[in-house]
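The structure appears right after this line, and notes come after that.
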Protein chains: 2
Amino acid sequence: MARNIGLDDGIDVAERIRVEAAELFHHRGYGSTTIRDIAEAVGISSSTMYHHYRNKQDVLFAISRQFMADFNAALLAVLRDGARPPGDRLGDAIRLHLTISNDRRTELLTILGNRVALSPAQLTTIVGMQRSYQGAVRDVVGALHGPDVAPGDSDLVTMALLDLVNGVCQWFDPSGPLSIDEVADRYTRMADSLVAGPSRAR
Amino acid sequence: MARNIGLDDGIDVAERIRVEAAELFHHRGYGSTTIRDIAEAVGISSSTMYHHYRNKQDVLFAISRQFMADFNAALLAVLRDGARPPGDRLGDAIRLHLTISNDRRTELLTILGNRVALSPAQLTTIVGMQRSYQGAVRDVVGALHGPDVAPGDSDLVTMALLDLVNGVCQWFDPSGPLSIDEVADRYTRMADSLVAGPSRAR
């Protein structure tokens, strides 16, 4: 059984709350998990819990914001590295997107499955973070396309690429025939063919 | 104001309940819509409403099942038409998938956003219908690939294709620069390049 943790542990406790809550939300369901369940899983009192988060919705928002902050920090560094060719940046970004999504699958599925439970203001924050990532992918696709593609084509390819890589966390099975690295090999090649497709301006 | 409808109208009433309920679930939220709201929108009494559906969850399930039944009837006819080359069948299926998803966007987004509200047995039924479609796409991809592709590659390309076309309903804007037909033109070419990608057996 977990030892009791006091207020002193500070940030570390907030992180453990997010990790345990994501597990509970994912396996038991957001609606079926109480603040008390989370506190018990972490090994803290309800009052310590309320010191960190006001309510269950705040915990869900914290999980979502932390995931997107970590994800964007890693991905934007790759996508915006102007010293490297855009094709290399896109390939590395796709691999990193798939790796992070797989490593933190419980958090990600919790976030994707419970967007409706966030407040409008919270959702606006998360969508804004997603748009930053989307914009960085769009810039790299635009650099690869150059000025001669049909209007709207770089936007369309960007959405297609994001739908492609975002979908993997819903069906990838770590015990299946392919490793996440092998999926990433195949998906970076798919991305190349989507970007290079017949998209010249008419 | 809608005229009052009695029990006599039969199937037509059940369909109107599904249509009005999908609108309410989509715009107001599933959790914020009551059986009474739905009855009022259709112009029937609550008792007539209960004659057709036992509760709100049953209405959501009926919306999901009817959509998937119509979708599969249309798509499986195209995908399994053995008289036509598999490449033509896949292209037509992608166009039809995007067209139906756009025409019935309110229902589709209601279904996608509220899967957690279905009972386990209801969800099993819907997932089974989705798997039938997935299997038919997989068969066509397998026919296009032939026996020489790397193990698991036809499965991977199938999931990629489905994620690609399923994503469109979340971001497509009918008032945007491209029509759904233009998106379909581009997506059928993308599908060709995904299927034709470097997937020979190693």
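Both backbone and side-chain heavy atoms feed into the values below; hydrogens, waters and symmetry mates do not. Only a predicted model underlies this, so the values are computations on that prediction, with no experimental measurement involved. Sequence lines set the chain letters: A, B, ... in the order given, protein chains first and strands last, and positions in each chain run from 1.
- Atom CH2 of B:Trp171 sits about 10.5 Å away from atom CG of A:Leu162, to the nearest 0.5 Å.
- Comparing B:Gly31, B:Gly113, B:Gly167, B:Gly176 by how many heavy-atom pairs each has under 4.5 Å with chain A, the most go to B:Gly167.
- Neither the backbone nor the side chain of A:Tyr30 comes within less than 4.5 Å of any heavy atom in chain B.
- Between chain A and the residues B:Leu156, B:Val116, B:Val183, B:Val168, the most heavy-atom pairs under 4.5 angstrom are made by B:Leu156.
- Note that CG of A:Leu161 is 9.0 Å distant from CG of B:Leu164, once rounded to the nearest 0.5 Å.
- Within a 6.0 Å radius of CZ in B:Arg84, other residues, nucleotides and ligands contribute more than 12 heavy atoms.
- Interface summary for chain B: among A:Ala160, A:Gly152, A:Pro177, A:Gly29, the most heavy-atom pairs under 4.5 angstrom belong to A:Ala160.
- Separation of atoms CD (A:Gln170) and CG (B:Asn166) is listed at 10.5 Å; rounding is to 0.5 Å.
- Atom CG of A:Leu194 and atom CZ of B:Arg186 lie 8.0 Å apart (nearest 0.5 Å).
- By the neighbour-count criterion of 12 heavy atoms within 6.0 Å, atom CZ of A:Arg65 is sparsely surrounded, having that number or fewer from other residues, nucleotides or ligands.
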